[in-house]
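The next block holds one structure in the form of structure tokens; read it before the comments.
Just so you know, ligand 1 is whichever comes first in the structure, and atom 1 is the first atom listed for that ligand.
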Amino acid sequence: MPREILVAPSLLTADFLELSRAIDLVNSSPADWFHLDVMDGRFVPNISFGMAIIARIKTRAVKPLDVHLMIEEPGRYAEAFRQSGADHLTVHYEACPNLHRNLEQIRGLGMKAGVALNPHTPVSLLRDILYLTDIVNLMSVNPGFGAQSFIPHTLDKIRELSAMIHTAQSSTLIEIDGGVTLENAHSIIGAGASVLVAGNTVFSAADPAATILKLKQD
Ligand code: DX5
Ligand code: ZN
């Protein structure tokens with residue numbers, strides 16, 4: 001059976017003054033999840049938004065909220081993000097000395113648990129934690145900003161992770177985050193990814209819904 005390709009538009013590049021329009025657009029498009037990027041100005045050199053905004057997005061969104069925490073000590077806030085409406089909670093490997101505990105906590109709160117890897121972090125480090133991981137977010141740019149260029153080495157990481165998941169007979173999804181375009185989506189999917197995060201490609205498009213559909217069909 002062909003693998004289903006999911007698209008998760010990142011609201012980071014949407015017009016924040018028109019957030020409800022961006023939410024409606026994603027709701028009525030073929031997109032699968034909302035990707036929400038939380039940044040603390042410490043783990044990454046940028047600050048975005050937090051629980052209050054996510055709670056407002058939740059009142060209007062009709063698709064799962066895929067919350068990507070680019071923050072230090074994410075375990076301190078897991079419960080608050082659950083309460084604000086997160087369906088998936090992704091923490092960074094590099095921010096979690098007690099990752100096993102963090103993933104158990106996230107699953108215990110009823111969310112899907114994700115781990116994100118920065119571009120320099122090898123996928124082999126996930127071998128002993130894959131069984132607790134619903135989503136692996138491979139960062140294909142350095143986290144902190146939208147509209148950056150895809151780092152080509154990510155394709156090798158996708159292939160390696162895909163083989164690890166296959167060997168472990170796991171259902172973990174590979175999500176690619178950063179610099180996804182209509183031009184590179186085909187090779188990203190071909191390497192084994194199932195979830196495409198796309199910010200700039202979707203929100204700067206003349207027809208965002210058609211762009212989402214094209215990404216899914218690539
Ligand atoms: C980057 C974020 C990404 C970003 C993707 O730190 O994690 O989710 O919004 O944006 P594009 O698709 O514009 O690279
Ligand atoms: Zn992200």
Side-chain angles (χ1 to χ4, degrees), residues 5-16 19 22-23 25-26 29 31-50 53-54 57 61 63-72 74 77 81 86-96 106 111-121 133-155 157-158 173-189 193-205 208 211-212 214-216 218:
I5 303 304
L6 308 178
V7 173
S10 163
L11 292 188
L12 193 64
T13 27
D15 179 352
F16 283 5
L19 258 192
I23 296 165
L25 187 154
V26 174
S29 80
D32 299 276
W33 303 342
F34 286 84
H35 184 81
L36 303 177
D37 290 303
V38 177
M39 304 176 183
D40 66 354
R42 289 180 62 84
F43 181 71
V44 287
N46 197 6
I47 298 177
S48 57
F49 51 80
I53 302 284
I54 292 176
I57 292 172
K63 296 177 181 179
L65 303 189
D66 180 50
V67 176
H68 177 193
L69 297 184
M70 284 160 274
I71 68 173
E72 291 183 357
Y77 305 99
F81 279 106
D87 296 284
H88 314 158
L89 201 63
T90 294
V91 296
H92 265 264
Y93 182 90
E94 302 83 4
C96 294
I106 293 168
M111 296 178 280
K112 288 197 186 304
V115 178
L117 298 188
N118 275 341
H120 71 276
T121 305
T133 310
D134 299 300
I135 300 160
V136 174
N137 174 322
L138 292 182
M139 290 302 307
S140 36
V141 297
N142 284 295
F145 304 93
Q148 303 181 79
S149 297
F150 182 84
I151 298 172
H153 174 62
T154 313
L155 293 174
K157 294 177 76 174
I158 300 171
L173 296 173
I174 304 178
E175 174 177 60
I176 302 306
D177 191 2
V180 174
T181 64
L182 289 174
E183 288 70 42
N184 62 22
H186 186 73
S187 33
I188 293 169
I189 293 166
S194 298
V195 186
L196 303 179
V197 173
N200 190 46
T201 291
V202 166
F203 288 103
S204 69
T211 303
I212 292 165
K214 276 191 208 150
L215 286 170
K216 277 178 82 79
D218 225 310

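Less than 6.0 angstrom separates the ring centroid of H92 from the ring centroid of H68.
D134 contributes a side-chain N or O that, together with a main-chain N or O of A113, makes up a donor-acceptor pair within less than 3.5 Å. Of the possible polar contacts, none joining the T133 side chain to the V136 backbone as a donor-acceptor pair under 3.5 Å is found.
At a cut-off of 2.8 Å, measuring from the Zn ion (ligand 2), the protein N, O or S atoms that fall short of it are H35 NE2, D37 OD1, H68 ND1, D177 OD2, waters left aside.
A donor-acceptor contact under 3.5 angstrom links the side chains of S10 and D37, judged on distance only. Of the N and O atoms on the side chains of N184 and T181, at least one donor lies less than 3.5 Å from an acceptor on the other residue.
Here the CE atom belonging to M70 is positioned 6.5 Å from the CG atom belonging to D177, to the nearest 0.5 angstrom.
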**Q.** K63 vs D87, salt bridge (Lys or Arg N to Asp or Glu O under 4.0 Å): CA-CA, chis, key distance, verdict
**A.** CA-CA 9 Å; K63 296 177 181 179; D87 296 284; over 6 Å; no
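Closer than 4.0 angstrom to ligand 1 lie heavy atoms from S10, L12, H35, D37, M39, H68, M70, M139, P143, G144, F145, G146, A147, D177, G178, G179, V197, A198, G199, N200.
Other residues, nucleotides and ligands place no more than 12 heavy atoms under 6.0 Å from the NZ atom of K112.
When the options I71, L69, L12 are evaluated for a side-chain contact (heavy atoms from CB on, under 4.5 Å) with M39, the one that passes is L12.
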